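In listed order, ligands and their atoms are each counted from 1. In what follows, residues are counted from 1 in the order of the sequence shown. All of these numbers come straight from a predicted model, not from anything done at the bench.
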Amino acid sequence: LGHLSRPDFPILHQEVNGSKLVYLDNAATSQKPTAVLKALHNYYEAYNSNVHRGIHYLSAKATDEYELARKKVAAFINASDSSEIVFTRNATEAINLVAYSWGLLNLKPGDEIVLTIAEHHSAIVPWQIVAQKTGAVLKFVSLDENEIPNVVKLREMISTRTELVVVHHVSNVLGSVLPIEEIVHWVHEVGAKVLVDACQSVPHMVVDVQGLDADFLVASSHKMCGPTGIGFLFGKSNLLSAMPPFLGGGEMISDVFLDHSTYAEPPSRFEAGTPAIGEAIGLGAAIDYLSGIGMQKIHDYEMELANYLYDKLCSVPNIRIYGPKPAETVYRAALCSFNVENIHPTDLATFLDQQHGVAIRSGHHCAQPLHRYLGVNASARASLHFYNTEEDVDDFIRALNDTVSFFNSFK
Ligand SMILES: Cc1ncc(COP(=O)(O)O)c(CN[C@@H](CS)C(=O)O)c1O
């Protein structure tokens, strides 16, 4: 799959600092196939127009394509209706929408919001802000002996005081995958809701929101071969219908008076102002592209690549890889965060880029609480997608060994 898809990604065929580019930073953002670039270009060249209000051909065409993109997102995650899909700027905004709209309406002093210590800042900070405003309290589950969020403790933490559980589907640092269906069942038993941060799962596997029975689920276009500037919130219809607006403005209203306004039905109620029309159409093209390959096929290929990456990385001297060891029953996403003894991860990433053209990420990956828990300030992270190959992994490991030797030569 890796070699077959690479011709679709022109960006991968270039040299960086005198070496062939090896792009292994896909958890930060994915690359875009030609089909997505063409869809964006075609929109702006052939039918750019504002949506929903115009009565002329271009506006009708832009509106049809924008709403078709919404239908594609709904079908991609098996939502029961496209009105359950709200376009946002990114997953971060989608979580903020739920926090400020659903959270401020439903949370009261003493209510509990349960998260894991491995959550992304985008999943933690909005709830800290809303908890301060409502008197709700945040509770965090730590990791088990396999460095996976401790779901046994998570179940014990869920009680009648729980109003919301916020969990990642796949960790952007650990590569661990949570049993969302089970968690949702436990949470619904106490009448609470679940928000699933699916940023690192929607681009890499089949995600079925009805199968998961998730109440809210968020993802970002730029991690799933789509443009930046667009993401989405899935929300069950009955929940969205009961939620007040997040942002006020045009589009989201029904009627405006001087002393009050009435609001449109979801999803428009949550899409104030002119949306990212071209980007939504680009996301629709990305979904067509991914669906053309098949998410199960992408998942199976990336599982093999994940195991290959993990095994090869283990061979690097004095390396510490965070997260679970891949096993028959333990799926690990195609990403590895790691440290090498006595070498700062940013030194590693810089040398890999400048000497070898290898693009990985270093830092806290917007997961500072997790890094503190792991006893480090930062880590290096290699993250793959279906257009990467075992050759990319071999190039990375060879470059990493050279980098480690270089820095150890100064000891
Ligand atoms: C699990 C998870 N949850 C939320 C986000 C935020 O996505 P936005 O598109 O920026 O809104 C991300 C994005 N993580 C990037 C940037 S820190 C990474 O390098 O890991 C994520 O991985």
List, one per line, each side-chain donor-acceptor pair under 3.5 Å for residues 173-196, sequence neighbours excluded.
| residue | atom | partner | partner atom | Å |
| --- | --- | --- | --- | --- |
| H188 | ND1 | D213 | OD2 | 3.2 |
| H188 | NE2 | D215 | OD1 | 3.3 |
| H188 | NE2 | D215 | OD2 | 2.8 |

Query raised in the report: So, the side chain of K108 versus the backbone of G135: is there a donor-acceptor pair under 3.5 Å, distance only?
Result: no
Query raised in the report: Backbone N or O of F87 within a donor-acceptor pair of the E271 side chain at under 3.5 Å?
Result: yes
Report task. Kindly compute the distance separating CG (L164) from CG (D111), expressed to the nearest 0.5 Å. Result -> 10.0 Å
**Report entry** Residues R398 and D395 bridged, charged N to O under 4.0 Å
**Finding:** yes
Query raised in the report: Between the side chain of E112 and the main-chain N/O of K139, is any donor-acceptor distance below 3.5 Å?
Result: no
Query raised in the report: ligand 1: which residues have a non-hydrogen atom closer than 4.0 Å?
Result: A27, A28, N90, A91, T92, H120, S122, N172, D197, C199, Q200, S220, H222, K223, R361, C366, R381
